[in-house]
S.K.: 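Structure in structure tokens, see below.
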Amino acid sequence: MGMGPWNAPGPGFFPVLIGSILCLLAVAFLIQSTYGQERVPKKVTFWKEKTSWKKVTYSLLALIFYLFVLNDLGFITTTFLFLFFVFRFVGKKRWPSSFLVAILASAITFLVFKTALEVPLPKGIFKIG
Amino acid sequence: MLDSLSGLLFGFKITFQPENLFFCFAGCFVGTLIGVLPGIGPSGALAILLPATFYLSPSTAVIMLAGIYYGAMYGGSTTSILINIPGEAASVVTCLDGYQMARQGRAGPALGIAAIGSFIAGTSGVIGLMFLAPPLANFALKFSSPEYAAIIICGLILVSYLGSGSILKAFIMGALGLLLGTIGSDPIDRLDRFTFGSFYLLEGLGLIPIIMGLFGISEILINLEEEEFRGILQEKIKNLFPNVRDWIASTWPILRGTLIGFFVGIIPGGNTIISATMSYAVEKRVSKHPEKFGTGAIEGVAGPESANNSSITGSFIPLLSLGIPTNAVMALLLASLMIHGVSPGPLLISQHPEIFWSVIASMYIGNLMLLALNLPLIGLWVKLLKVPYAYLFPFIFLFCLLGTYSLRNTVFDIGVMILFGLVGYLMRKFAYEPAPFILAFILGPMFEEHFRRSLIMSYGSFTVFFVRPISLVFMLAAILLLLSSLVPWMKRKKGAFDP
């Protein structure tokens, strides 16, 4: 992946250029953080609330779960599980309402996307859809 | 002049087709919804809805997406005024005086003047767009690669410069965006770069999953940290009509706001937030009673609300006449047009007049629809605010997941989205701006192509950028901006727009 001569820059030219600029900026940033005036004056709290990390982490886990399971379990099942998990554990709603809303939402979105928008959705091993 | 009018009539003919009218309304409706509901803004929503526009014609797609964008500006003021929570970023300024007005029982006039100001600004902005874009496109026909390269680099520096945090961080974001933009095929020789043999990376990282992650998922993650809040809505909103004194007080702010917003919107990096903030600052400075700002001065609502609307039409100008997007939403529209096989550039207006003129016509109609949606129907939106966020956000997640999947029927894109959701979340935590990143990501390949082509044209001489007059102007501007950001040795934080 050559950089090429100046009159015909090759594919490597731009990445190297940007990479170098980035290195320079990083050094500048380092210098600024260490010697600059704008040192953080007070303690900055990372999480807004004590329990914030739970909701964020659970949500991320649910999303990652969706990503890995979608092709295996199919759209409706995965969506149902995802929604149920999120409603129950992140939204903290009760079991019955989470269950109900998750089922309804999965079914409705499936119908809408399949019939109205004609989007192909994965079927998975349960062969629903 | 006559050309423009005949073009406009042509546009109306297309826009009045039932399909386009429907999607224009749909866009405005969804836009208002997005604006009213805190927790998702126009960028994220547009990214989610973009896949749904695949089966529409390019004009219809842009009509709807544009409607969502300016619709959100109308809706955003509602929550700012009623519960002191901005529905989307640009409405932050409206909270300052709008909420105070609501507490004094004057929510009605505040909402009314916000809608009316938005309408005046939006419509005036479209007039400006209509008359400025075609001549600019004509002028741009003289452009060749050096000019484009110079404009883009100037634009990227401007975007970083106008950000609200540390300029250095913005530059870093820009550089990262440029770097990630190199993934995929190189623009001139078409050789793979950084694809690691993955089939899915051949075309580079998808813009849409990245934006959905950066603006959709990360927004939700940030919001999840708050405890559940309940809106505090007091009495019924009576009397939406501002009285005569309000009108007189608001006239100049609306006019000034319209102009400020429009011109700020044209420049790269100028977005709705900056327009609104500038308008507020200007109003406060020219007012005979600046101390009233913050206690319920209607000028503080009229100006910013107008500015944020006209800045949207302003930002369409570089996209439609040069093919260069100036903010994340315009980048999405660019992507949408390219997906539909239209390549934006100076030839867009002449080769696809049906797109340009129907979008313009739809903006006139859209602003009218929004006036109707936001004045008499305001009760509807108020009721909607009572839905707790805990019921909403799982669906936003779901739409993001579905939308991303529907792009290429692969979970790879979902993975990209989630990754950038996390990245976006961390970025917000550590105060890094997403805008320079996104713009650099999409403008990078364009810049590289033009830059390398310029060097090929000039046989390796860099003077090509400085010898040609147009490109010289932009290069000088870029250098000036760079130098002035170095002057306080990057210790400066941009606080220039604090009201």
Side-chain angles (χ1 to χ4, degrees), chain A residues 1 4-15 17-19 21-22 24-26 28-29 31-32 36-38 46-49 51-53 55-56 58-60 62-64 66-68 70-71 75 79 82-83 86-87 90-93 101-102 105-106 109 113 117-122, chain B residues 51-52 55 166 168-169 171-172 175-176 178-179 182 186 188-189 191-194 217 220-222 224-228 388-391 393-395 397-402 405-406 409 411 414-415 417-418 421-422 425 429 444 447-448 451-452 455-456 458-462 489-491 493:
Chain A
M1 189 101 343
W6 282 119
N7 61 346
F13 172 75
F14 206 59
L17 179 68
I18 303 299
I21 295 180
L22 200 51
L24 278 170
L25 288 173
F29 192 56
I31 298 179
Q32 184 193 29
Q37 285 173 351
E38 305 267 7
F46 189 68
W47 302 105
K48 221 166 179 182
E49 317 252 341
T51 53
S52 305
W53 66 273
K55 286 192 189 172
V56 174
Y58 287 166
S59 301
L60 278 170
L63 287 167
I64 297 178
Y66 198 93
L67 160 70
F68 281 109
L70 181 64
N71 276 325
F75 174 74
T79 307
F82 172 78
L83 283 177
V86 172
F87 270 122
V90 185
K92 299 230 176 30
K93 300 293 166 191
V101 178
S106 313
T109 32
F113 273 79
L117 297 172
E118 290 178 33
V119 175
L121 296 169
Chain B
Y55 295 109
S166 137
L168 183 53
K169 282 183 178 175
F171 279 142
I172 292 181
L176 276 174
L178 287 173
L179 205 54
T182 59
D186 121 49
I188 295 192
D189 300 319
L191 292 170
D192 301 341
R193 292 189 295 199
F194 299 120
I217 306 262
I220 302 180
L221 290 177
I222 291 274
L224 282 176
E225 295 198 0
E226 317 255 340
E227 277 304 311
E228 181 75 41
Y389 193 61
Y391 279 119
F393 82 87
F395 288 105
F397 271 150
L398 184 62
F399 291 140
C400 286
L401 288 165
L402 269 176
Y405 181 78
S406 69
N409 270 34
V411 292
I414 296 187
M417 176 180 82
I418 298 178
L422 181 59
Y425 172 74
K429 284 280 185 191
F447 174 71
E448 180 182 4
F451 185 73
R452 283 167 63 180
L455 285 182
I456 293 176
S458 69
Y459 299 106
S461 158
F462 276 88
W489 189 240
M490 293 180 291
K491 287 181 194 159
K493 270 197 187 236

S.K.: Nearest 0.5 Å, what's the CG-CG distance between B/Leu221 and A/Leu60?
M.R.: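 Between B/Leu221 CG and A/Leu60 CG, I get 5.0 Å after rounding to 0.5 Å.
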S.K.: Which atoms of B/Leu179 are under 4.5 Å from chain A, going by heavy atoms: the side chain, the backbone, both sets, or neither?
M.R.: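 For B/Leu179, backbone and side chain are both near chain A.
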S.K.: What's the separation between atom CG in A/Leu83 and atom CZ in B/Phe397, rounded to the nearest 0.5 Å?
M.R.: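 Result: 11.0 Å between the selected atoms.
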S.K.: Just to verify, what does B/Phe395 make a ring-ring contact (aromatic ring centres under 6.0 Å, His included) with, not counting sequence neighbours?
M.R.: A/Phe87
S.K.: The criterion is side chain to side chain contact (heavy atoms under 4.5 Å, CB included); which residues satisfy it with A/Ile64, sequence neighbours excluded?
M.R.: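 Checked A/Ile64 against side chain to side chain contact (heavy atoms under 4.5 Å, CB included); matches are A/Phe68, B/Ile418.
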S.K.: What are the two closest non-hydrogen atoms of A/Leu22 and B/Ala175, and how far apart are they?
M.R.: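 Reported closest heavy-atom pair: CD1-CB, 3.4 Å.
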S.K.: Can you tell which of B/Thr182, B/Ile217, B/Leu398, B/Leu401 has the highest number of heavy-atom pairs within less than 4.5 Å of chain A?
M.R.: B/Leu401
S.K.: About how many Å separate CG of A/Leu24 and CD1 of B/Ile172, when rounded to the nearest 0.5 Å?
M.R.: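 Rounded to the nearest 0.5 Å, the CD1-CG separation comes out at 11.0 Å.
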S.K.: B/Glu448 and A/Pro11: which non-hydrogen atoms are nearest, and at how many Å?
M.R.: OE2-O, 4.5 Å
S.K.: For residues A/Phe75 and B/Tyr405, determine if any side-chain heavy atom of one lies less than 4.5 Å from a side-chain heavy atom of the other.
M.R.: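 Counting from C-beta outward, A/Phe75 and B/Tyr405 never come under 4.5 Å.
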S.K.: Closest approach of B/Pro394 and A/Phe82, non-hydrogen atoms and distance?
M.R.: O-CE2, 4.4 Å
S.K.: Quick check on A/Tyr66 against chain B: is it the side chain, the backbone, both or neither that has a heavy atom closer than 4.5 Å?
M.R.: side chain
S.K.: Check whether B/Ile220 gets within reach of chain A through its side chain, its backbone, both or neither, counting any heavy atom under 4.5 Å.
M.R.: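 Contact with chain A involves no heavy atom of B/Ile220 at all.
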S.K.: Atom CG in B/Leu178, atom CD1 in A/Ile21: separation rounded to 0.5 Å?
M.R.: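 Result: 7.5 Å between the selected atoms.
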S.K.: Please round to the nearest 0.5 Å and tell me the distance separating atom CE of B/Met417 and atom CG of A/Leu63.
M.R.: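 Interatomic distance, B/Met417 CE to A/Leu63 CG, rounded to 0.5 Å: 6.5 Å.
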